[in-house]
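Order of the sequence lines sets the chain letters (A, B, ...), proteins ahead of strands, with each chain counted from 1.
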Protein chains: 2
Amino acid sequence: MAVGTPQVTAPLPPEPPERLAHSSESCRPASEILMRIGDKWSVLIVMMLSGGPLRFSELKRRIDGISQRMLTLTLRGLERDGLVTRTVTPTIPPRVDYELTALGVSLREPVNALGQWAFDNRPAMLAARAAYDGREA
Amino acid sequence: MAVGTPQVTAPLPPEPPERLAHSSESCRPASEILMRIGDKWSVLIVMMLSGGPLRFSELKRRIDGISQRMLTLTLRGLERDGLVTRTVTPTIPPRVDYELTALGVSLREPVNALGQWAFDNRPAMLAARAAYDGREA
DNA sequence: CGGCATCCCACGGGATACTG
DNA sequence: CAGTATCCCGTGGGATGCCG
């Protein structure tokens, strides 16, 4: 039965078969998380906090180009998701420190792996992009 | 003092090491890539193509909820960046197959690592989120 | 100093309709 | 079947200003 449906039965390339089923439902959590931290600033902030806690203004100074609005919003999001802690010292002027939680620290590992990939393969991507754009320009 | 080598290779102990070179400049490529593939569909598509080439309609059928507009656009982007190839068979009706390039295949590993992290830690994140939301409701 | 509030614009992305 | 074109709305995110 089923005429015309070629049923592509996965002739696996040189990759070893992983026990991870890449179904749509099993990859959705990964996709969600990626979208969550794939915003403009989250990863940068997590990486900045890798070396230890930083206060708001220091964080803002180190991440060039971020608006204090987005710094606040992004930190709130990270705090909400249990990736950073927010510690307020009610002095005058007030002092607020942000620090990675254990969860936040654990996130560094896969993110670093992706960062390494990005560092290694960015030239290839840029070249591919240039070639693609050049083909039709 | 300026950081000498933008190394992202950390030994990753549970404790934050003292000399991490996570400068803003060294992490920006990672952030860029993350934003690039951190969109709504890219990772899902890459994962779907892990098992081998798929044609457009099959891809659309497997990724539930995607519009053909976004499928086309996302595939174009992935093709542009050298992550997938697009092969047209000019029959009637036409047939177009998409397949991961070597670059696309190599991306699977770090993305899978992140996916594993997401799978493992999503409960913790959801719990933290619920706790955070409950504190001020 | 840290951080809401507001305005405002650009872009992502869904729905739909049309073409080769 | 695969793709393009159009419409349209929700959101992301910058700039600015005010308040503890």
For A:Glu32, check side chain to side chain donor-acceptor pair (under 3.5 Å) against everything at least two apart and list the hits. B:Arg122
Summarise how protein sits on nucleotides 4-11 of chain D as a single string, 5' to 3': B when a protein heavy atom is under 4.0 Å from the base, S for sugar-phosphate-only contact, - for no contact. B-B-----
Can you tell me the distance, in whole Å, between the CG atom of A:Leu44 and the P atom of D:dG13? 12 Å
Would you mind reading off the distance between B:Ile45 atom CD1 and D:dA2 atom C1', rounded to a whole angstrom? 14 Å
Can you tell me which stems DNA chain C forms when a stem means 3 or more consecutive Watson-Crick or G-U pairs under 3.5 Å? C:2-20 with D:1-19
Distance-only donor-acceptor pairs under 3.5 Å for side chains of residues 66-78 of chain A, two or more places apart:
residue	atom	partner	partner atom	Å
A:Ser67	OG	A:Met70	N	3.3
A:Thr72	OG1	A:Gln68	O	2.8
A:Thr74	OG1	A:Met70	O	2.6

So what does A:Lys40 hit on the nucleic acid, given a heavy-atom distance under 4.0 Å: a base, only sugar-phosphate, or nothing? sugar-phosphate
Between A:Leu54 and the options A:Leu49, A:Ile63, A:Val96, A:Ile45, the side chain to side chain contact (heavy atoms under 4.5 Å, CB included) test singles out A:Leu49
Does a side-chain N or O from B:Arg55 land closer than 4.0 Å to OP1 or OP2 of D:dA2, or not? yes
Does A:Val46 reach the side chain of A:Val111, with side-chain heavy atoms less than 4.5 Å apart? no
Less than 4.5 Å apart, any side-chain heavy atom of B:Pro110 and any of A:Gln116? no
Under the side chain to side chain donor-acceptor pair (under 3.5 Å) test, which residues partner A:Asn121, sequence neighbours left out? none
Grouping I, L, V, M, F, W and Y whenever their side-chain heavy atoms are under 4.5 Å apart, do B:Met125 and B:Phe119 come out in a common cluster? no
Using atom CD of B:Glu58 as one end and atom C1' of D:dC1 as the other, report the distance to the nearest whole Å. 13 Å
List for me each residue that meets side-chain contact (heavy atoms from CB on, under 4.5 Å) alongside A:Arg80, sequence neighbours excluded, and say none if there are none. B:Arg129, B:Tyr132, B:Asp133
Counted 5' to 3', the first and last nucleotides of DNA chain C within 4.0 Å (strictly under) of a heavy-atom of chain A are C:dC1 to C:dT6
State, yes or no, whether a side-chain contact exists between B:Leu114 and A:Ile37 at a heavy-atom distance under 4.5 Å. yes
Could you check how far CG of B:Leu73 sits from P of D:dA2, rounded to whole Å? 16 Å
What residue pairs, at least two apart or across chains, pass salt bridge (charged side-chain N to carboxylate O under 4.0 Å, His left out) with a residue in residues 112-121 of chain B? none
Using whole Å, report how far CD1 of B:Ile66 lies from P of D:dG3. 12 Å
What distance separates B:Ser42 OG from B:Leu83 CG, expressed to the nearest 0.5 Å? 8.5 Å
Ordered by number, residues from residues 86-96 of chain A within less than 4.0 Å of DNA chain C (heavy atoms) are A:Arg86, A:Pro93, A:Pro94, A:Val96
According to side chain to side chain donor-acceptor pair (under 3.5 Å), who are the partners of B:Ser106, at least two apart in sequence or on a separate chain? A:Trp117
Residue whose nearest DNA chain C nucleotide is more 5′ - A:Met35 or A:Leu75: A:Leu75
Looking at D:dA2, I'd like to know if its phosphate oxygens (OP1 or OP2) sit under 4.0 Å from a side-chain N or O belonging to B:Ser57. yes
Can you check the A:Ile63 CD1 to D:dG13 C1' distance for me, whole Å? 15 Å
Only counting residues at least two apart or in another chain, list the ones meeting side-chain contact (heavy atoms from CB on, under 4.5 Å) with A:Arg55. A:Ser57, A:Glu58, A:Arg95, A:Asp97
Partner set under side chain to side chain donor-acceptor pair (under 3.5 Å) for B:Trp41, not counting sequence neighbours: none
